[in-house]
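As structure tokens, the structure follows; a few thoughts come after it.
Positions are given from 1, in the same order as the sequence printed here. Indexing begins at 1, ligand by ligand and atom by atom, following the structure's order. Side chains included, hydrogens not; waters and symmetry mates left out as well; all remaining heavy atoms used.
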Amino acid sequence: MNRKKIHVGDARIGMYVDEVCGSWMDHPFWKKAFRISNARILQTLQECGIHEVWIDVSKGLDVGVGADAFTEEDEKLKVDETLRSAITNVRKSERPVELQKELGQARIIHAKAKKEVASMFQEARMGKALQLEQVASLVDEISHSIMRNQCALLSLARLKSKDDYTYLHSVAVCALMIALGRQLGMEGDALRQAGMAGLLHDIGKIMTPEEVLNKPGSLTREEFDIMKQHPRGGWDILRASPGVSEITLDVCLHHHERLDGKGYPMKLSGESISLFARMGAVCDVYDAITSNRCYKSGWEPAEAIRKMAEWKDGNYDESVFHAFVKTVGIYPIGSLVRLESGRLAVVSDQFSGSLLSPKVVVFYSTRHREHLYPEMVELSRSQDAIAAIEKAAEWKFDPAMLQGLVQLSA
Ligand SMILES: [Fe+2]
Ligand SMILES: [Fe+2]
């Protein structure tokens, strides 16, 4: 494989696209790799709002003379630099409650939130106005759990099944918005608003037909256009419910806008996108790309952070993205990593030392290809260090087993 990153304007028929640089919610190419075999595919690629793609020149045409192309090494250095600058001045997060203690509570809140969001969406589907007091008290419970120990609820947020994806995605974005808001120095009502906006941002998806929402293949242009109606559909629903704040309406309508003006539905750009909508965009993409869907398995959290750093230009507000990296860490809790000793481990707490040397639970030897008795290691006090991010799916590890290891260590 010989990968080069190029601008979509330099793409041409005959090239083999190995990866599209952007969240798969922002373009209709759900497949990881494909050949640009005709003018229609080329046109869709160039018009869907994506800036760059990775091409594999061992499988298709190379770029023409004079076009810019970047190597994997160039990109790795750029991403490393972005992440390094993102984690300067990290405030040690206050955690009045130990992870193990909060996990039990977080699990109860998580299950309750799923049920309440499902019934709220169901009622909205039937045309009923939202019961805002109930939503507000749910947001308060989520917010209190985040205050006690944000790792607990955030570590649960990844586990989703096909059927409960939309509900649990709403809960996850709510929790991420509150954690990110805190990192940005928000308090009180502002935090509540951030959480509420996260919980309701995708309510418009109740109007998206099931076969488009869960289609296990590429969306046609028409289907993608239907999908893109959900921010405005949600805004209509929320506007009809008394008491919904301007911030919630704003995040619902604009969470798919992009700084370069290539988002939807209104192609807002730069300063015209509010801080809350910029926060929503980052939290939304992170949760979506780390979740397993019926058509695609999610990325590892650590991999997702690197991808987002790679795509950041034009997509996200730099300072919001930096705050987000500080919030979830470079190796977010639950990340599968390979250590220099050849052992595999799960990140169980990224704030114990520096963000580059988290607390992990070692559980597998790649040399002997066998499970080890789980052992908690503080990398900041160990000779061992993270060598690489690994993919749980490639090792065929069950996400619930990895989740169990996180809890074990707490
Ligand atoms: Fe959305
Ligand atoms: Fe979303």
Side-chain angles (χ1 to χ4, degrees), residues 22-28 30 48-49 113-114 117-118 120-121 124-125 135 139 142 154 157-158 160-180 194-210 212-215 219 223-239 244 247-259 262-268 273-274 276-296 298-299 301 304 307-308 311 315-316 320 324 328:
S23 156
W24 53 80
M25 293 178 303
D26 292 337
H27 61 77
W30 69 283
C48 69
K114 174 178 135 184
V117 173
M120 176 173 82
F121 275 43
R125 224 173 258 131
V135 185
V139 170
I142 292 172
L154 293 184
R158 258 191 93 202
K160 302 181 184 69
S161 72
K162 169 177 164 281
D163 297 327
D164 54 24
Y165 172 77
T166 305
Y167 314 133
L168 288 182
H169 170 65
S170 305
V171 176
V173 175
C174 168
L176 286 167
M177 287 286 276
I178 293 168
L180 174 59
M196 178 75 95
L199 200 70
L200 295 171
H201 79 285
D202 265 345
I203 191 147
K205 286 203 176 155
I206 62 169
M207 289 147 89
T208 311
E210 193 70 15
V212 173
L213 216 50
N214 289 323
K215 185 178 175 187
L219 296 182
E223 288 166 338
F224 197 57
D225 285 342
I226 293 173
M227 181 69 118
K228 291 203 307 202
Q229 289 167 6
H230 78 271
R232 197 174 291 275
W235 188 73
D236 285 336
I237 295 170
L238 294 177
R239 238 176 9 143
V244 174
I247 289 173
T248 301
L249 284 164
D250 176 60
V251 173
C252 176
L253 186 58
H254 299 303
H255 67 275
H256 288 288
E257 305 283 2
R258 286 172 32 173
L259 284 196
K262 291 188 169 177
Y264 59 87
M266 290 169 69
K267 297 192 185 303
L268 296 186
I273 309 171
S274 72
F276 285 93
R278 291 165 192 222
M279 290 164 62
V282 172
C283 297
D284 182 43
V285 168
Y286 175 78
D287 185 66
I289 63 177
T290 50
S291 302
N292 287 328
R293 302 302 311 275
C294 48
Y295 48 85
K296 201 171 192 321
W299 277 324
K307 293 285 182 195
M308 288 175 73
W311 309 330
N315 274 306
Y316 320 116
V320 170
F324 188 76
V328 297

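Between the side chain of Arg239 and the backbone N or O of Leu249 there is no donor-acceptor pair closer than 3.5 Å. Under a 3.5 Å cut-off, the side chain of Gln229 and the backbone N or O of Thr208 do not form any donor-acceptor pair.
Within a 6.0 Å radius of NZ in Lys228, more than 12 heavy atoms belonging to other residues, nucleotides or ligands are found.
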Distance-only donor-acceptor hits, side chain of residues 169-176, under 3.5 Å, sequence neighbours excluded:
| from | atom 1 | to | atom 2 | distance (Å) |
| --- | --- | --- | --- | --- |
| His169 | ND1 | Asp287 | OD2 | 2.7 |
| His169 | NE2 | His201 | NE2 | 3.1 |
| His169 | NE2 | Asp202 | OD2 | 3.2 |
| His169 | NE2 | Asp284 | OD1 | 2.8 |
| Ser170 | OG | Thr166 | O | 2.8 |

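Ring geometry, His256 versus Tyr264: the interplanar angle falls under 30°, so the pair is classed parallel (tilted spans 30 to 60°).
Around the Fe ion (ligand 2), the protein N, O or S atoms closer than 2.8 Å are His169 NE2, His201 NE2, Asp202 OD2, Asp284 OD1, listed by chain and residue number.
One finds the CE atom of Met266 at 5.0 Å from the NE2 atom of His254 (value rounded to the nearest 0.5 Å).
Residue His230 approaches the Fe ion (ligand 1) most closely through its N/O/S atom NE2.
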